[in-house]
Amino acid sequence: APVSGRVRPLPRIEDPVFSSEALGKGCAIEPSGDAIVAPFDGVVEQIAQTKHAVGLRSETGVELLIHVGMDTVELKGLGFAPQVGDRVKQGQLLLKFNRTAIAAAGYRVTTPVVVTNTAAFKSVQVIASGTVIEGQKLLLLC
């Protein structure tokens with residue numbers, strides 16, 4: 001898990017792009033903290049210009065999107081502070097965000113964690129439920 005918080009199934013979140021699994025399978029987390037960490041060793045493929053999302057590729061080929069909040073692109077980077085370069089190690093700080101400022105602006109901090117290359121795997125299963133802590137196993141890819 002890239003952040004501590006409560007796990008939610010993607011089909012049950014309020015954003016149709018994520019809930020339809022159009023971008024891939026995974027889950028969402030309602031963060032209890034204000035930081036996103038690298039869930040694995042890999043490469044930062046993309047940091048959104050508005051700083052609210054990070055795309056990673058693991059050394060084993062998993063492509064993962066971590067998208068902090070719903071419609072937070074509208075904040076144009078306000079409340080977000082990327083912390084990384086091109087390569088990351090598991091547990092390394094990727095992104096800081098201000099939950100209070102995001103909520104005060106009227107946005108949810110629900111954070112989808114999506115395997116964007118889902119088709120490259122036989123299955124992508126969420127293996128965590130309830131509350132997770134950062135670094136805890138979240139997804140099983142076969």
Please set out all donor-acceptor pairs under 3.5 angstrom arising from side-chain atoms of residues 89-108, sequence neighbours excluded.
{"unit_1": "Gln92", "atom_1": "OE1", "unit_2": "Lys89", "atom_2": "N", "d": "2.9"}
{"unit_1": "Asn98", "atom_1": "OD1", "unit_2": "Thr100", "atom_2": "N", "d": "3.1"}
{"unit_1": "Asn98", "atom_1": "OD1", "unit_2": "Ala101", "atom_2": "N", "d": "2.8"}
{"unit_1": "Arg99", "atom_1": "NE", "unit_2": "Gly33", "atom_2": "O", "d": "3.1"}
{"unit_1": "Arg99", "atom_1": "NH1", "unit_2": "Pro31", "atom_2": "O", "d": "3.4"}
{"unit_1": "Arg99", "atom_1": "NH2", "unit_2": "Ser32", "atom_2": "O", "d": "3.0"}

Residues that Arg6 engages under salt bridge (Lys or Arg N to Asp or Glu O under 4.0 Å), provided they are two or more places apart: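 Listed in chain order: nothing, the list is empty.
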Under the salt bridge (Lys or Arg N to Asp or Glu O under 4.0 Å) rule, collect the residues that match up with Lys51, sequence neighbours excluded.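 By the salt bridge (Lys or Arg N to Asp or Glu O under 4.0 Å) rule, Lys51 matches no residue at all.
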Polar side-chain atom of Asp15 near backbone of Phe18 as donor-acceptor pair, under 3.5 Å: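 Between the backbone of Phe18 and the side chain of Asp15 there is a qualifying donor-acceptor contact (under 3.5 Å).
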Group every Ile, Leu, Val, Met, Phe, Trp and Tyr by side-chain heavy-atom contacts under 4.5 Å, then state whether [X] and [Y] land in the same group.
| X | Y | value |
| --- | --- | --- |
| Leu10 | Val54 | no |
| Phe80 | Leu56 | yes |
| Val114 | Val44 | no |
| Val37 | Val109 | no |
| Ile29 | Leu23 | no |

Among all residues two or more places apart in sequence or in another chain, which pass the side-chain hydrogen bond (donor to acceptor under 3.5 Å, both in side chains) test with Gln46?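 By the side-chain hydrogen bond (donor to acceptor under 3.5 Å, both in side chains) rule, Gln46 matches no residue at all.
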Output all residues satisfying side-chain hydrogen bond (donor to acceptor under 3.5 Å, both in side chains) with Thr110, sequence neighbours left out; order by chain, then residue number.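 Thr110: side-chain hydrogen bond (donor to acceptor under 3.5 Å, both in side chains) contacts with Glu30.
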Run Ile13 and Ser19 through side chain to side chain contact (heavy atoms under 4.5 Å, CB included) and show every step you take. CA-CA 6 Å; Ile13 66 171; Ser19 64; 4.2 Å; yes
CG-CD1 distance between Leu138 and Ile133, expressed to the nearest 0.5 angstrom: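 So the CG of Leu138 and the CD1 of Ile133 are separated by 12.0 Å.
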Which value, rounded to the nearest 0.5 Å, describes the distance between Lys122 atom NZ and Leu141 atom CG?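 One finds 13.0 Å between NZ of Lys122 and CG of Leu141.
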[X] versus [Y]: any side-chain heavy-atom pair under 4.5 Å?
| X | Y | value |
| --- | --- | --- |
| Val126 | Pro9 | no |
| Val113 | Val3 | no |
| Val115 | Lys25 | no |

Which atom of Ser4 lies closest to which atom of Glu134, heavy atoms considered: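 Nearest pair, atom of Ser4 first, then Glu134: OG-N, 2.8 Å.
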Which atom names give the shortest non-hydrogen contact between Ser129 and Val7, and what distance separates them?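 Of all heavy-atom pairs spanning Ser129 and Val7, the closest is CA-CB, 4.3 Å.
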Side-chain donor-acceptor contacts of residues 57-73 below 3.5 Å, not counting sequence neighbours, with atom names and distances?
{"unit_1": "Arg57", "atom_1": "NE", "unit_2": "Glu45", "atom_2": "OE2", "d": "2.9"}
{"unit_1": "Arg57", "atom_1": "NH2", "unit_2": "Glu45", "atom_2": "OE2", "d": "2.8"}
{"unit_1": "Ser58", "atom_1": "OG", "unit_2": "Thr60", "atom_2": "N", "d": "3.2"}
{"unit_1": "Ser58", "atom_1": "OG", "unit_2": "Thr60", "atom_2": "OG1", "d": "2.9"}
{"unit_1": "Ser58", "atom_1": "OG", "unit_2": "Gly61", "atom_2": "N", "d": "3.2"}
{"unit_1": "Ser58", "atom_1": "OG", "unit_2": "Val62", "atom_2": "N", "d": "2.9"}
{"unit_1": "Glu59", "atom_1": "OE2", "unit_2": "Arg87", "atom_2": "NH2", "d": "3.2"}
{"unit_1": "His67", "atom_1": "ND1", "unit_2": "Gly69", "atom_2": "O", "d": "2.9"}
{"unit_1": "His67", "atom_1": "NE2", "unit_2": "His52", "atom_2": "NE2", "d": "3.2"}
{"unit_1": "Thr72", "atom_1": "OG1", "unit_2": "Val68", "atom_2": "O", "d": "2.6"}

